[in-house]
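Just the heavy atoms: all of them, side chains too, but no hydrogens, waters or symmetry mates, feed the values below. A, B, ... follow the sequence lines: proteins, then strands. Residue 1 opens every chain.
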Amino acid sequence: MTPAELKNAVRAAVAASVDNGELAVAVPDEVGVERPKVKDHGDYATNIALQLAKPAGLPPRRVAELLATRLRESDGIDSVEIAGPGFLNIRLSGDALGQVAKQVLIAGASYGTNDRFAGESVNLEFVSANPTGPIHIGGVRWAAVGDALARLLQASGAKVTREYYFNDHGGQIDRFARSLLAAARKEPSPEDGYGGAYVDEIAQRVTEQVPDVLEQHDPQEVFRERGVALMFEEIKASLHDFGVDFDVYFHENALHESGAVERAVARLRALGHIYEKDGAVWLRTTEFGDDKDRVVIKSDGDPAYISGDLAYYLDKRERGFDRVVIMLGADHHGYIGRMMAMCAAFGDTPGVNLEILIGQLVNLVRDGEPLKMSKRAGTVITLEDLVEAIGVDAARYALARSSADSQLDIDLDAWSRQTSDNPVWYVQYAATRAASVLRNAGDLGFTVDHDADLSLLTHPRENDLLLALAEFPAVVATAAELREPHRVARYLEEKVAKSAQRFWDDCQVLPKGDAPAEPTTAPRLLLWKATRTVLENGLGMLGVTAPERM
RNA sequence: GCGCCCAUAGCUCAGCUGGAUAGAGCAGCCGCCUUCUAAGCGGCAGGUCGCAGGUUCGACCCCUGCUGGGCGCGCCA
């Protein structure tokens, strides 16, 4: 019996009591069932009686008694106790819990998927770093978290498009081009230009592609075009090596060249949210909660930066996305007000059609001191610096295991150590132990038998592990719904890997030496297979590998 | 001045959106390898959940005000 099935049973008990006239309440759509912190409180607990007591006009314990009586008659429930103010503590029968392992095997790679976002089309935009340098550490957090979120939403039934906004229109590109030109001429970088060894590298490569570039009549334009292209290819390659690939790379230039900006402004004008002042064109965002109105077309006739955002949002909606999600760094949180106002100005619902997630800053720490210098990028710490220090798996896991709402320090020494103070190793170690049991079983001629007698899984360690595996689909759904992939990482560490390690220690699976198989051999093997499946699926959602051996 | 995020064990962080005795990992101390990976497991110790009020049967969680830290408030992009 899974938690979802148990919820249905509890809800059915409520419905039955209502039908019978014992409870005068509306049957809730969803009832909560949780794992109690204290083991004595059973396998699962629900506070539904406390919640229904007030509307029913009955004491909580009286409601609890009514529900307990009915629940005790349900299949798969061993006992129901009323505790404290009116909690229902539920214990499952051994076989009902054991069936979870079998269900994991049957579902296989799809175990953990759910239909929370079925039928929804979601556009996730993240990283979107400017092609003026290697991808910096701020963008890396979203590379890991955003990609994990994409996987979680997909696992929850959504149709997800990963999108990267290629900011190739504004003045920072000109500064980059001037920096490349200066480097090629062996001159110092301009005051407002870009520094770092990579500028010299890119300038060098452009010069190799176009040997006479400095003799051309507009060399800066050559450096701009080719330098940006090279930089962008490099960014794509680093992200690919990091396990992150985008479905759409969208060019800001396209919005300006196609007339999309003008169309977006015209649309807003028709809706009555545009006015002119001081020779510029303004969007009345204050009408929708922003703290000041925003210039859309500058007095010199050039579109302001936000006009690209207007057109880009409209374009995404016209491409059919129900939800447009944008993930930004903490230094961009000031955009939320104007973006949400813009969304409302188009007649959409902020928070539903447009969602903006803010990730706080990440520091790389070595010897207790924040890293300040990068080999290639000067004072900007890059994706390469991180991966070089601790590897892709540790990097992705370290970034994905903490809430994006909090600033994060990544201790490079701890995460590069191949010991137990490195959380990703702990989870991967559990996964390799599962693999090794299955491998050794195969060598001994045992196969995983789907018809194994799961009622023999009565050891407390087995019980705990089964309960942990049963939680997975709900963890995935919650993580997707709250946009918090770190819940999956914590679950894998604290619930699955922990329970699996304890199971390993206390429950020998394979017979020793030449001894014949024990009755528990087959069900335990099946439990290991289910555990391996959950660890693989869970790590997979974070973009981390589950090795066969370490 | 205004706004966003954060504050929980010595350190790094969870806490399932109001429930039972606040949880992990590391660091510290004590145990466990005569067969599936000891990169592990068990135990001990460690807390005024930043401070002060409020809301209610019940608050780490919600509200208000402080304190401290990070980041922002352009006709830049």
Side-chain angles (χ1 to χ4, degrees), chain A residues 32 34-38 40-41 45 47 50-51 53-54 60 83-87 89 130 132 167 169-175 192 252 277-282 291-292 294-300 302-306 308 329-337 358-361 363 365 368 401-411 414 417-423 425-426 428-430 432-433 435-441 443-444 471 474-475 478-479 481-482 484 486-487 489-491 493-495 498 501-502 504-513 515 524-525 528 549-550:
Chain A
E34 61 181 14
R35 289 276 308 279
K37 288 173 205 155
V38 182
D40 290 345
H41 294 162
N47 63 351
L50 280 80
Q51 290 174 345
K54 191 173 276 183
F87 293 102
N89 292 337
N130 293 341
T132 53
N167 206 308
H169 186 73
Q172 86 279 3
I173 296 291
D174 295 332
R175 295 205 301 277
D192 59 354
E252 184 187 3
K277 191 182 80 175
D278 304 333
V281 178
W282 297 69
D291 42 9
K292 61 186 84 162
R294 304 293 169 175
V295 168
V296 175
I297 306 292
K298 297 188 276 187
S299 51
D300 65 5
D302 284 345
Y305 181 74
I306 192 177
D331 54 341
H332 285 69
H333 75 259
Y335 289 13
I336 296 176
I358 297 296
Q360 299 299 318
L361 300 183
N363 279 312
V365 174
R401 86 186 277 268
S402 291
S403 164
D405 286 340
S406 297
Q407 287 181 52
L408 178 63
D409 287 341
I410 295 180
D411 183 332
R417 231 172 275 149
Q418 302 194 349
T419 63
S420 54
D421 52 351
N422 182 343
W425 282 86
Y426 183 73
Q428 290 183 316
Y429 185 45
T432 59
R433 276 188 152 171
S436 83
V437 168
L438 296 166
R439 191 167 52 239
N440 294 339
D443 293 344
L444 292 170
E471 277 186 74
V475 170
T478 302
E481 195 163 17
L482 299 178
E484 293 184 346
H486 75 271
R487 289 173 187 276
R490 299 297 176 151
Y491 159 76
E493 266 174 70
E494 294 167 11
K495 303 286 177 62
K498 187 72 185 171
Q501 300 281 21
R502 289 174 166 174
W504 170 280
D505 263 4
D506 287 356
C507 301
Q508 176 83 22
V509 178
L510 301 173
K512 298 182 180 182
R524 282 179 174 173
L525 212 46
W528 269 119
R549 57 184 89 216
M550 296 169 62

Which nucleotide in the set [options] lies at the smallest distance from any side-chain heavy atom of [X]?
X        : options               : value
A:His333 : B:rC36, B:rA38, B:rC4 : B:rC4
A:Val437 : B:rA20, B:rC36, B:rC5 : B:rC36
A:Val509 : B:rC36, B:rC75, B:rC6 : B:rC36

Return the nucleotide paired to [N]: Watson-Crick means purine N1 to pyrimidine N3 with N6-O4 or O6-N4, wobble means G-U with N1-O2 and O6-N3, both under 3.5 Å.
N      : value
B:rC29 : B:rG43
B:rG1  : B:rC73
B:rA38 : none
B:rA14 : none
B:rA7  : B:rU67
B:rA59 : none

*asked:* Is B:rC4 syn or anti, taking syn as a glycosidic angle within 90° of 0?
replied: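 Here B:rC4 takes the anti form, which means its glycosidic angle is more than 90° from 0.
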_Which residue lies more 5' along RNA chain B, comparing A:Ala330 with A:Val295 via nearest heavy atoms_ =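 It is A:Ala330 whose nearest nucleotide is closer to the 5' end.
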*When you match A:Ile173 and A:Ser436 each to their closest nucleotide on RNA chain B, which lands nearer the 5' end?*
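The residue mapped nearer the 5' terminus is A:Ser436.
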_When you measure from the side-chain N and O atoms of A:Tyr426 to the phosphate of B:rA38, is any distance below 4.0 Å, counting only OP1 and OP2?_
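Answer is no, no contact under 4.0 Å.
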*So does A:Lys498 get a side-chain nitrogen or oxygen closer than 4.0 Å to the phosphate oxygens (OP1/OP2) of B:rG25?*
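Answer yes for this pair, as a side-chain N or O of A:Lys498 is under 4.0 Å from OP1 or OP2.
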Provide the distance between the two [atom1] atoms, one in [N] and one in [M], to the nearest whole Å.
N      : M      : atom1 : answer
B:rA45 : B:rA27 : C1'   : 13 Å
B:rC6  : B:rC13 : P     : 14 Å
B:rC51 : B:rA59 : P     : 16 Å
B:rC63 : B:rG25 : P     : 32 Å
B:rU35 : B:rA22 : C1'   : 42 Å
B:rA52 : B:rC16 : C1'   : 29 Å

Under 4.0 Å between any heavy atoms, over every strand shown, what does [X] touch: base, sugar-phosphate, or nothing? Just pick one.
X        : answer
A:Asn89  : base
A:Ala474 : nothing
A:Arg294 : nothing
A:Trp282 : base
A:Ala83  : base
A:Gly513 : base
A:Ile358 : nothing

*A:Trp504 on top of B:rG40's base, within under 5.5 Å and under 30°?*
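Stack criterion not met.
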*Could you pull out the closest heavy-atom pair between A:Arg487 and A:Val475, with the gap in Å?*
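Closest approach of A:Arg487 to A:Val475, heavy atoms only: O-CG1, 3.9 Å.
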*asked:* Measuring only between side-chain heavy atoms, which start at C-beta, is A:Val296 closer than 4.5 Å to A:Trp282?
replied: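 Counting from C-beta outward, A:Val296 and A:Trp282 never come under 4.5 Å.
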_What does the B/S/- profile of nucleotides 8-19 of chain B look like, 5' to 3', with a 4.0 Å heavy-atom cutoff to protein?_
-----SSSSB-B
*Partner set under side chain to side chain donor-acceptor pair (under 3.5 Å) for A:Arg35, not counting sequence neighbours*: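 With neighbours one apart ignored, the set is A:Glu471.
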